[in-house]
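Here the structure is laid out as structure tokens; the discussion comes afterwards.
Computed from a predicted structure; not experimentally measured. Chain letters run A, B, ... following the sequence lines, proteins first, then strands; residues in each count from 1.
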Amino acid sequence: MARLANRWLTGMVLGAQLAQVVVPVFSPASAFADEEPRPGRGAGRGDRPDRPDRPDRPGNGGNRPDPRPDPTPQAPTGPSSGEIAAARSAGRAAGERDGEREGRARGWTEGLEEGRRDGYRVGYNYCLNERRKDVYDRGYSDGIRTGSHDGQARGQIEGYSQGQNVGYRDGQADGDRRARNQASADAEGPASEEGRRDADATDSYQRGEAAGAIAGDARARQTARDTEYPRGREAYRTQRLNEPVSREVAENLSATARSAVPSTRTALIESTLMEHVGSGERMSLLSSGNPYSDPQLRAAYSEGYSSGYRSGYDSAYRQERRRGEMAGEPEGRQRGCREAQFVDVSSDFRRGRDEGYNRGYRESYDSAYRVAYDIGYGPAFRSASDAMYRDRYAGYYQDAYARFRAEAYDARVSQLYRAGYAAAERATFDRTYPGYSAAEFNRGVTDETAEFAANPMRFMDSGFREQFEDSVIEPGETVGFWFRVRNFADQELSASELRFEVETSGKGLLPLRQKDAGTLGVPGLGAIVVSGAVPVIVSESALNQSVSATVKVFYRGKLLGSKSTTFQVKNRATVDFVERPVIREGLESTLKVRVTNNSSQPISGPVRLEIRSDSRQIELRQASAEVATLAPGESREASFRVVGRTDQDSPQLPLAISVADGSRKRVAVKDFSGSVPVVNDYRVKLLQGGDSLKNSGVTRLSYQIRNVSSRLVFGALELYARVLDSSGKVVPEARWIGFNPQFLLPLERGEQAKFVIPVVMPQGLTSGMVELEVRENGVPVVIHQASF
Amino acid sequence: MRLKTLKVMAVLVLGFGLGACGKIPKEYRGNFVDQATGFQIQLKSSEGVWIREDGAQQVFPARAAAVKEMIQGQPGIYLRSIDDGQLEVFWVRPAAETRREEYGFVSFEGEVVYTRMAAKSPGGAIPVLLARHCDRGQVLIDTVSQSFNGGCPADSKVLELVRVQPKK
């Protein structure tokens with residue numbers, strides 16, 4: 001590629017040089033001044049004086065120089081076709097001759113030059129590279145040698161030195177470590193022995209014994225205090241409590257109780273070739289003559305000449321050029337090579353030398369360093385280690401000896417102390433405990449005796465009693481608490497100094513006013529049971545919750561005792577839906593409930609059930625029901641009739657059901673707030689038009705109807721529309737356009753349709769309701785209401 | 001969502017391609033008779049014929065749901081596309097004397113036969129056709145919205161029209 005480019009560049013240079021030679025000859029003032037204009041030549045372009053024409057260059061075809069002599073005008077009678085062919089042939093032969101000559105001459109010359117240039121370049125480059133490589137190699141070898149030498153020397157020096165330093169340092173550390181370990185091993189035995197021996201000579205055991213005796217005595221005393229004293233008190237208390245009650249009185253205080261994401265190469269060759277051919281044609285043109293005077297024959301001759309010239313030129317040029325190149329190339333190569341010998345390649349020598357030096361140095365240095373390092377390291381290590389060992393051993397030995405001795409001493413002393421301590425402590429405890437035990441028991445009895453004497457009034461128990469004794473604590477029920485107190489004095493004590501409280505948790509229990517004392521005296525060695533003292537009322541917020549209360553009893557301001565009680569608050573009865581409630585829009589549906597008596601007492605009849613809701617999406621047609629008396633555990637069912645008033649599929653409805661017994665006392669309640677399915681087979685929705693009903697005139701009521709679940713095939717649908725006033729009465733003045741009832745095309749299950757019901761509203765009706773009843777095969781399936 | 005949209009478009013194209021041009025689907029063409037009442041119908045591509053028990057016949061042209069003709073009280077088979085590739089066939093013979101027009105609404109009574117046809121039935125000829133038939137059916141047309149309601153009362157009948165070979 002580079003060679004082609006070179007040829008092209010060379011061609012361009014030669015072309016330019018030839019142009020400079022040929023241009024004066026081509027100028028109109030010289031060469032063409034006495035020639036007639038040639039056919040086919042562009043006037044404008046042919047007048048260019050400064051450049052020879054280029055026959056075959058692309059885009060310049062019309063201006064291609066014609067190598068033929070210009071024709072001379074002839075008589076009108078033309079030659080025969082044979083004569084013309086002969087003229088063309090003769091022209092072609094002459095052209096080929098001339099072209100071949102010209103091509104050969106130019107091809108050889110140019111080829112020779114090209115070959116020389118190429119050869120020069122090749123030779124030059126080759127030889128120069130060879131020289132440079134050779135010089136580089138020599139430099140490299142020289143560098144290697146020098147570098148190796150220097151590296152080795154330096155590596156030896158530095159390796160040895162560094163080895164020594166490191167060896168010394170490591171040796172010292174090693175010696176220190178050996179000295180310390182050896183000293184420790186050597187010292188441990190004798191030091192420990194000495195330590196134990198010295199410890200044995202102390203009074204550690206005796207000191208332990210003394211301390212143990214003290215501790216044993218203290219433990220015996222404390223143990224007796226913790227166990228025997230309470231036992232003594234308990235024994236006395238039990239004795240007293242087990243004494244029979246001489247007399248027990250009861251007092252009920254409830255009476256007062258109250259309540260929360262073209263071949264360029266070919267083009268270049270052609271271009272270069274044509275540049276040369278163009279010049280050659282001009283030259284041939286000057287030397288060739290057209291032998292014919294007849295215009296046609298001249299033209300044929302010229303045509304043949306032109307064709308032959310080009311053919312001859314091309315063939316000869318290429319061949320000779322190639323030959324010239326081959327002939328010139330060796331010469332050029334030799335010359336180039338010679339020239340290369342004079343190039344300064346000292347830098348390559350230096351480069352090789354430097355690189356060789358670096359490599360030689362590095363490799364030699366490394367190996368020499370390692371060897372020298374080892375040589376320096378070993379002796380230094382050993383020497384330093386030994387020296388350090390010698391220096392440090394004695395000191396380490398002394399330190400280790402002292403440490404081991406102390407440790408052994410301390411351990412032995414401790415061992416002796418603990419042995420003495422444990423034995424003495426245990427022995428002392430065993431010896432002294434019985435005495436302490438008896439003394440503490442007696443003290444407990446004595447103290448309890450005194451306590452009873454000082455506080456003869458004792459809390460015994462407490463409890464509660466329902467207002468309605470049915471084993472169910474209900475909201476609203478009053479619970480009365482009681483407690484029992486004994487008097488352990490011989491004489492009667494006044495109950496007026498008794499005080500009692502009921503503490504309640506949360507807001508579920510509401511204590512009524514407390515009555516602090518009874519009026520009766522507590523008999524000597526007797527007891528009193530006080531009931532109804534502090535009544536509490538169970539609030540509604542406590543329903544279905546656990547609540548607790550604590551009864552505390554005081555005597556003369558001192559707490560005698562307390563007791564907590566927890567109970568579950570619930571109604572006597574429960575009421576719930578028998579099945580999930582569902583409603584139908586516009587149509588009645590039944591809500592079934594079941595009421596169960598959970599108490600131990602009958603619930604008197606008639607038991608009345610009532611359902612309430614403040615939602616406008618449901619109309620309660622029958623909101624109450626009654627069942628007979630409910631025996632304990634018995635259940636009965638009742639039902640309510642309701643009508644849905646919503647176009648929602650599953651509205652949220654609040655419902656409350658209460659149950660009262662025959663005395664109108666509520667015994668059960670259920671609050672329900674949840675989604676209630678609307679189960680009509682068809683659902684209707686008023687899309688628009690409702691607001692216009694307030695105005696008189698025509699109103700289009702646009703509805704949508706959907707078959708939700710009817711499986712009937714082609715069920716006949718009828719629409720009955722009504723306008724109701726605010727009191728629910730049909731407004732007869734409202735007139736329906738078309739039909740009423742209106743029939744509607746059947747809908748299959750899941751389908752929906754829209755329809756319009758036109759109505760003419762009367763004047764003066766500003767509020768009311770429009771009702772649309774849908775019947776399928778005559779049966780109402782949904783009644784939709786919309787207020788206006 | 002896209003699938004649903006395509007489905008709806010397909011139904012619409014199918015509906016307009018068949019029902020909208022007022023042609024009875026070929027699977028439904030032929031003679032049918034209700035054994036209980038003797039009421040017969042003949043269905044052709046663009047017309048239908050009622051044949052009563054006494055042999056009286058009446059021919060009805062099949063139309064796309066052209067409210068214009070319906071407003072004029074013209075008898076005919078009105079075809080209307082609905083969802084799921086079905087055609088509503090609203091076959092009506094108006095009682096001219098009952099025709100009323102007020103407030104943009106036109107209403108009349110008449111004999112009605114209502115049935116449904118699948119716009120395309122892969123199973124071939126349909127053997128049985130169910131239809132709701134009444135003598136006193138209704139049609140209510142909203143000339144503003146160009147829509148209509150219509151139907152039969154509760155006492156109307158459901159015909160079980162069984163395909164029969166035509167008499168030679």
Compare all side-chain heavy atoms of [X] with those of [Y] and state whether any distance is below 4.5 angstrom.
X: A:Phe743; Y: B:Val112; result: no
X: B:Val158; Y: A:Val713; result: no
X: B:Arg80; Y: A:Leu745; result: yes
X: A:Arg700; Y: B:Phe105; result: yes

Could you give the distance from [atom1] ([X]) to [atom2] ([Y]), rounded to the nearest 0.5 Å?
X: B:Arg132; Y: A:Asn777; atom1: CZ; atom2: CG; value: 5.0 Å
X: B:Leu140; Y: A:Asn740; atom1: CG; atom2: CG; value: 11.0 Å
X: A:Phe714; Y: B:Leu159; atom1: CZ; atom2: CG; value: 10.5 Å

- Message: Among residues at least two apart in sequence or on other chains, which ones pass ring pair (Phe, Tyr, Trp, His ring centres under 6.0 Å) with B:Trp50?
- Response: B:Phe39, B:Phe60, B:Trp91
- Message: Counting only non-hydrogen atoms closer than 4.5 Å, does A:Leu719 touch chain B with its backbone (N, CA, C, O), its side chain (CB onward), both, or neither?
- Response: neither
- Go through the atoms of A:Pro746 and report whether side chain, backbone, both or neither lie under 4.5 Å from a heavy atom of chain B. both
- Residues of residues 749-758 of chain A within contact distance of chain B, non-hydrogen under 4.5 Å: A:Glu751, A:Lys754, A:Phe755, A:Val756, A:Pro758
Counting only heavy atoms not in [X], do more than 12 fall under 6.0 Å of its [atom1]?
X: A:Tyr720; atom1: OH; answer: yes
X: A:Asp691; atom1: CG; answer: no
X: B:Arg52; atom1: CZ; answer: yes

- Correct closest heavy-atom pair for B:Pro153 and A:Ala716 would be O-CB, 3.3 Å
Sequence neighbours left out, cut at 3.5 Å: what donor-acceptor pairs do the side chains of residues 778-788 of chain A make with other protein atoms?
residue, atom, partner, partner atom, Å
A:His784, ND1, A:Glu585, OE2, 2.5
A:Gln785, OE1, A:Arg645, NE, 3.4
A:Gln785, OE1, A:Arg645, NH1, 3.4
A:Gln785, NE2, A:Glu771, OE2, 2.6

- Message: Could you work out, with side-chain hydrogen bond (donor to acceptor under 3.5 Å, both in side chains) as the rule, every residue matching A:Glu637, not counting sequence neighbours?
- Response: A:Arg594
- Evaluate the criterion side-chain contact (heavy atoms from CB on, under 4.5 Å) for residue pair B:Gln138 and A:Glu718; output intermediate values, then yes/no. CA-CA 11 Å; B:Gln138 294 177 354; A:Glu718 299 170 327; over 6 Å; no
